[in-house]
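Data block below; observations after.
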Protein chains: 2
Amino acid sequence: MQLKELSERTGVSAASIKFYLREGLLPAGESVHATRARYSPQHASRLQLIQALRTVVGLTIEQIRTLVKLADDGVPRLELLAAVQRTVLGLDQMSTGHGDVPAQAGDAVVRLRNWPDTPSDARDALDAHVARMESLGVPVTTELLDAYSKALDAIADRDISATTAPEDTNELILTAAVGMHLHGQLVLKLLALAQASHAIRRYKNDAAKRNAPPQK
Amino acid sequence: MQLKELSERTGVSAASIKFYLREGLLPAGESVHATRARYSPQHASRLQLIQALRTVVGLTIEQIRTLVKLADDGVPRLELLAAVQRTVLGLDQMSTGHGDVPAQAGDAVVRLRNWPDTPSDARDALDAHVARMESLGVPVTTELLDAYSKALDAIADRDISATTAPEDTNELILTAAVGMHLHGQLVLKLLALAQASHAIRRYKNDAAKRNAPPQK
DNA sequence: GGCTCTAGGATAGAAGCACTATCCAGTGGT
DNA sequence: ACCACTGGATAGTGCTTCTATCCTAGAGCC
């Protein structure tokens, strides 16, 4: 198919497709002649990937470029998934070493949970984030890390066994990125509900206690 | 103090302060004369709040305006905290009723966890998000909600009992917003690490199985 | 009374992002 | 022959968050 048809099929304007081509998100079509190019279904699926990463996950052009570049370079799938995780959860764009105390929260968590002691982006990001929290005056105790990681261990355990990865690379990135993002948001929303619920319960208890004076 | 001193103390440029004044984030100082105004320490603390909400939490001017307006209107603290939660966790900016099936994920969760059955923003946001996930082809089973909410119940339980709220309103919003944001991000990062850890473990098991052929 | 500094108001510019639009000249297909 | 469509280039748009400039009127100081 050619550009116009690609545009009509995917619902992306021709101008935008040109933009993505310029930006290197979409590989050039097969140039039949100087003024004619053919696009494959691969292009359509790539376009859908771009679309989803922009509108659903909210990545920037730059981030999408990084991901599709990896895909086009044919890096191993595990590596690709790691990159998706980095990007979707904003584990990139970390200051990476503002000095300070090592903080090594990752070590503590890994030991607490008996997780494999392997360096990873997620671990670096955790260290950086904990350091950031401390520097902003929000203390992170080992007890907190223990409670949090124990709970999330259960979630991850469940998630990982409910996962099947598609063959096609575009689709792999798509499902991985969208899934991670949506599940992450789901966690945040459930946490909000949980906190609200606990707050209400606590508030009610306090009110009850005030009515019937404390017996301490 | 006057504008320049306010600027020097908080590290916010005079131009930015003027901008915030125009935008209604910062209340006008006490106008001593036509060309002179006095700012109180309240202004400094408000400015710090604005600063933190922008750079740490990443709110927009519009969102900050909404929050400080509530603070200035002196709404009850519980209501204020609810608004902070809405804003920080992006529970605002939801489509609010794109029709479709009711989905009522909130009901299910509340029943599963035995949480108080009270309508709330968090619950609406959860419903909306689950509906969105479904519409994007990501299934949300009751079993998943059960596993997630059980884990987050534990976290919320721990959080709520480790909380003390400051008296000053600016400070209240600041600590609440920053705390919510950072704890949310912490959860996401820990989840990433947990998933990566489980993936590694699973990968190793698979590899081991391949070496010593399965005995099923 | 002059000099310098500052407030406050207005307006314009700047920078980043993701497009969107326009113009162009060269074909491919009918 | 003709017209739709092409790649390539370049410029403009809309939004957000500032930042800079210019102005006048008044305050404090000598």
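In the text below, chain A, chain B and the rest are named by the order of the sequence lines, each starting its count at 1.
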Categorize B:Q2 for me: base, sugar-phosphate, or nothing, with a 4.0 angstrom heavy-atom threshold over every strand shown. sugar-phosphate

Is the count of non-hydrogen atoms from other residues, nucleotides or ligands lying under 6.0 Å from B:R202 atom CZ greater than 12? yes

Looking at DNA chain C, which of residues 54-72 of chain A put a heavy atom within less than 4.0 Å of it? A:R54, A:T60, A:I61

Is a salt bridge present between A:K189 and B:D127, judged by a nitrogen-to-oxygen distance below 4.0 Å? no

Option among A:L49, A:T55, A:I50 that satisfies the side-chain contact (heavy atoms from CB on, under 4.5 Å) test with A:L53: A:L49

The criterion is salt bridge (Lys or Arg N to Asp or Glu O under 4.0 Å); which residues satisfy it with A:E62, sequence neighbours excluded? A:R65

Please state whether the phosphate of C:dG8, meaning OP1 or OP2, lies under 4.0 angstrom from any side-chain nitrogen or oxygen of B:Y39. yes

Just compare D:dT19, C:dA7, D:dG7 and give me whichever is closest to any side-chain atom of B:L3. C:dA7

Enumerate, atom names and distances included, each donor-acceptor pair closer than 3.5 Å involving a side-chain atom of residues 150-160 of chain B, sequence neighbours excluded.
{"from": "B:D153", "atom 1": "OD1", "to": "A:H198", "atom 2": "NE2", "distance (Å)": "2.6"}
{"from": "B:D153", "atom 1": "OD1", "to": "B:W115", "atom 2": "NE1", "distance (Å)": "2.8"}
{"from": "B:R158", "atom 1": "NE", "to": "A:E143", "atom 2": "OE1", "distance (Å)": "3.2"}
{"from": "B:R158", "atom 1": "NE", "to": "A:E143", "atom 2": "OE2", "distance (Å)": "2.8"}
{"from": "B:R158", "atom 1": "NH2", "to": "A:E143", "atom 2": "OE1", "distance (Å)": "3.1"}
{"from": "B:D159", "atom 1": "OD1", "to": "A:Y148", "atom 2": "OH", "distance (Å)": "2.9"}
{"from": "B:D159", "atom 1": "OD2", "to": "A:Y148", "atom 2": "OH", "distance (Å)": "2.7"}
{"from": "B:D159", "atom 1": "OD2", "to": "A:Q195", "atom 2": "NE2", "distance (Å)": "3.0"}

Hey, is the main chain of A:L182 close enough, under 3.5 Å, to the side chain of B:H129 for a donor-acceptor pair? yes

Among C:dT20, D:dA20, D:dG26, the nucleotide that comes nearest once only the side chain of A:F19 is considered: C:dT20

Between atom CG in B:L53 and atom C1' in D:dT17, what is the gap in whole Å? 15 Å

Has A:Q85 got a side-chain atom pairing as donor or acceptor with B:A192's backbone, closer than 3.5 angstrom? yes

Quick note, B:R36 side chain, CB onward, closest among D:dT6, D:dT19, C:dC5 is C:dC5

When the distance from NZ of B:K18 to P of C:dA7 is rounded to whole Å, what number comes out? 8 Å

Distance, rounded to the nearest Å, where B:E23 contributes CD and D:dT19 contributes P: 13 Å

What is the distance, to the nearest angstrom, from the CG atom on B:L21 to the C1' atom on D:dT17? 15 Å

Take B:Y20 and A:T35, find for each the nucleotide of DNA chain D with the closest heavy atom, and name the residue whose nucleotide sits nearer the 5' end. A:T35

At under 4.0 Å between heavy atoms, what does B:K4 touch on the DNA or RNA strands: base, sugar-phosphate, or nothing? sugar-phosphate

So which one's nearest nucleotide on DNA chain C is more toward 5', A:V32 or A:S16? A:S16

Side-chain donor/acceptor contact of A:R22 with base of C:dT20 under 3.5 Å: yes

Starting from P on D:dT6, measure out to CG on A:L26 and report it in whole angstrom. 13 Å

Considering only D:dG7, C:dG26, D:dA27, which nucleotide approaches the side chain of B:H33 most closely? D:dA27

